[in-house]
Amino acid sequence: MKHFSKFLNETYHAKDGNVPKRKVPLVKVSQEKQKSDIQKDTNFSSFMRSGLVVLSVILLASIAIAYSNKAIGTNPVTAVFSNKISNKELPIYCVDTPDKKVALSFDAAWGNEDTQKILDILKKNDVHVTFFMTGGWVESYPDDVKAIAKAGHELGNHSENHKQMSTLSAEECKEEIMKVHEKVKELTGTDMHVFRPPYGDYNDNLIKVTRECNYNAIQWDVDSLDWKDYGADSILNTVLNHKHLGNGSIILCHNGAKYTAQALDQLIKGLKEKGFTLVTMSELIYEDNYEMDVEGRQHQKSASGTDSSN
């Protein structure tokens, strides 16, 4: 292949479709200058070849390292007692545990028509769950809050006004959390310790504030999609055949969704048939001595600081 510098110093003539004939120099050049140009071309060619070799080696090494990390399942983790991963704060989506247990949870932000029916089904199946309640719901249905607590279920915080918390300042986030906290404390004498951000919306600021308020921020890895009102069978199929359902899963339902109460009895039976025990959120998560992976999964650390699940 000719270098571009040669093309610039040469003139080509094509005739009758024949291959262009080699030029004659535009300017007459001395023999030494020609030799010098040839030497420069040779040096440049060698330099380019060396550069390509070096780049190829670097590329192959990078591919090998990436493949090696993938093969051994390398996941970055954080220090003990931290929800931080890759400089980002994370809520708890699920828990790494050898026990076949899952946490069933209900967000209570609107309506109470089916609350008592849900409590009756839970009692019949001897199951305790976690209800995440907004301040508005607590204020509208104080007797239901008391009934939930009396039945032995866990009371969880779902913010005062169900706002998108990532848009709020640290002080506003704290106010959203602590207002409903005080309402529930006054009604039941209970200090709540688990918080679910409305809409699953969060940022680093919110997770830090949540921790400062002595709460664990909770998400989910199995969404029942009951809020879409597709029917009881849809809820059962979505949860029981969910690709993420497994030990330590957190299941999201809503007490005010149209078909949730209708599906609940079969949902509990289906989970039990799969060998799962249903527990409250605080019975599932690790309160301390843990680390998080990139999926938002909690891993408990042993006393020596190693992952106890390994």
task = Would you confirm whether D204, through its side chain, and E89, through its main-chain N or O, come within 3.5 Å as a donor-acceptor pair?
result = yes
inquiry  = Can you tell me if K100 has over 12 outside heavy atoms packed within less than 6.0 Å of its NZ?
reply    = yes
message = Using a 3.5 Å distance criterion without hydrogens, assess whether the side chain of D221 forms a donor-acceptor pair with backbone atoms of S249.
response = no
request  = Decide if the gap between the ring center of H299 and the ring center of Y286 is smaller than 6.0 angstrom.
outcome  = no
query = Do L206 and M178 belong together in a cluster built from hydrophobic side chains that touch within less than 4.5 Å?
reply = yes
query = How many angstroms lie between NE2 in H128 and OG in S282, if you round to the nearest 0.5 Å?
reply = 13.5 Å
task = Identify the two heavy atoms, one from R297 and one from N247, that lie closest to each other, and give their separation to 0.1 Å.
result = NH1-O, 4.2 Å
ask   = Do N216 and E287 pass the side chain to side chain donor-acceptor pair (under 3.5 Å) test, and can you show the C-alpha distance, the side-chain angles, and the key distance before you say yes or no?
value = CA-CA 8 Å; N216 284 296; E287 294 289 345; 3.0 Å; yes
task = Using atom types as modelled and distance alone, determine if a side-chain donor or acceptor of S105 lies under 3.5 Å from a backbone N or O of F132.
result = no
inquiry  = To the nearest 0.5 Å, what is the distance between CG on D126 and CG on L278?
reply    = 10.5 Å
request  = Using a 4.5 Å cut-off on heavy atoms from C-beta on, say whether the side chain of L104 contacts that of C253.
outcome  = yes
query = For the side chain of D114 and the backbone of K117, is there at least one donor-acceptor N/O pair under 3.5 Å apart?
reply = no
inquiry  = Using a 3.5 Å distance criterion without hydrogens, assess whether the side chain of H158 forms a donor-acceptor pair with backbone atoms of R196.
reply    = yes
query = Roughly how far, to the nearest 0.5 Å, is CD1 of I121 from NZ of K269?
reply = 9.0 Å
task = Flag the pair H254 / W110 as yes when their ring centroid distance falls below 6.0 Å, and as no otherwise.
result = yes
Basic-acidic side-chain contact under 4.0 Å: D120, K124 = no
query = In terms of hydrophobic clusters joined by side-chain contacts under 4.5 Å, are L267 and L245 together?
reply = yes
Test side-chain contact (heavy atoms from CB on, under 4.5 Å) applied to K146 and L187, step by step = CA-CA 7 Å; K146 293 177 183 178; L187 275 174; 3.6 Å; yes
query = Is Y202 close to T210 at the side-chain level, that is, under 4.5 Å between some pair of heavy atoms?
reply = no
remark   = Heavy-atom nearest pair, V102 first then G246, reads CG1-O, 3.5 Å
inquiry  = side chain to side chain donor-acceptor pair (under 3.5 Å), that's the test. Do D265 and N125 meet it? Break it down for me.
reply    = CA-CA 8 Å; D265 189 61; N125 286 280; 3.0 Å; yes
key: Whether E176 side chain and E160 backbone form a donor-acceptor pair below 3.5 Å   = yes
request  = Report yes if some heavy atom in the side chain of L119 is under 4.5 Å from a heavy atom in the side chain of H153; otherwise report no.
outcome  = yes
query = Just by distance, do the side chain of S224 and the backbone of D226 share a donor-acceptor pair under 3.5 Å?
reply = yes
message = Any heavy-atom pair between the side chains of M165 and F195 that's under 4.5 Å?
response = yes
remark   = Taking every heavy atom of T188 against every heavy atom of A149, the minimum-distance pair comes out as CG2-CB, 4.1 Å
ask   = Between Y215 and H193, what is the ring plane arrangement, given parallel below 30°, perpendicular above 60°, and tilted in between?
value = tilted
task = Please name the residue in the list L252, T238, I235 that meets the side-chain contact (heavy atoms from CB on, under 4.5 Å) test with L225.
result = T238
Side-chain (D293) to main-chain (E295) donor-acceptor, under 3.5 angstrom = yes
inquiry  = Tell me the closest heavy-atom pair linking G111 and E113, and the distance in Å.
reply    = CA-OE1, 3.6 Å
note = Heavy atoms of M292 and P91 approach each other most closely as CE-O, 3.2 Å
inquiry  = So F106 and L264, do their side chains get closer than 4.5 Å, heavy atoms only?
reply    = yes
query = Would you call E212-K174 a salt bridge at under 4.0 Å N-O?
reply = no
request  = Using a cut-off of 6.0 Å, state whether more than 12 heavy atoms not belonging to D201 lie near its atom CG.
outcome  = yes
query = Looking at side-chain heavy atoms only, is the closest gap between V180 and T134 below 4.5 Å?
reply = no
Nearest-0.5 Å distance, CD1 of residue I207 to CD1 of residue I92 = 9.5 Å
task = Please step through side-chain contact (heavy atoms from CB on, under 4.5 Å) for the pair H181 and N157, ending with a clear verdict.
result = CA-CA 7 Å; H181 181 97; N157 192 324; 4.2 Å; yes
task = Examine distances only and state if a side-chain atom of D229 and a backbone atom of K258 form a donor-acceptor pair shorter than 3.5 Å.
result = yes
query = Can you hop from Y290 to V279 via hydrophobic side chains spaced under 4.5 Å?
reply = yes
More than 12 heavy atoms from other groups under 6.0 Å of OH on Y199 = yes
message = Taking the side chain as everything from C-beta on, heavy atoms only, tell me whether K183 gets closer than 4.5 Å to V145.
response = no
inquiry  = Are there over 12 heavy-atom neighbours, none belonging to E172, within less than 6.0 Å of that residue's CD?
reply    = yes
ask   = Say you draw a straight line from CD1 of I118 to CZ of F131; how long is it, rounded to the nearest 0.5 Å?
value = 6.0 Å
key: side-chain contact (heavy atoms from CB on, under 4.5 Å) assessment of T260 paired with N255   = CA-CA 7 Å; T260 302; N255 79 308; over 6 Å; no
Between CD on residue E139 and CE on residue M133, distance to nearest 0.5 Å = 13.0 Å
ask   = Is a donor on one side and an acceptor on the other found under 3.5 Å between the side chain of T167 and the backbone of Q164?
value = yes
task = Let me see the working for I148 and L155 under side-chain contact (heavy atoms from CB on, under 4.5 Å), right down to the final yes or no.
result = CA-CA 8 Å; I148 290 169; L155 303 178; 3.5 Å; yes
query = Taking C-beta and beyond as the side chain, do I285 and V194 meet within less than 4.5 Å on heavy atoms?
reply = yes
ask   = Is there a chain of hydrophobic side chains (I, L, V, M, F, W, Y, each step under 4.5 Å between heavy atoms) that links L271 to Y259?
value = no
task = Write down the atom of P197, the atom of Q219, and the distance for their closest heavy-atom approach.
result = CD-OE1, 3.7 Å
query = Same cluster or not: are W227 and I218 linked, directly or through other Ile, Leu, Val, Met, Phe, Trp or Tyr residues, by side-chain heavy atoms under 4.5 angstrom apart?
reply = no
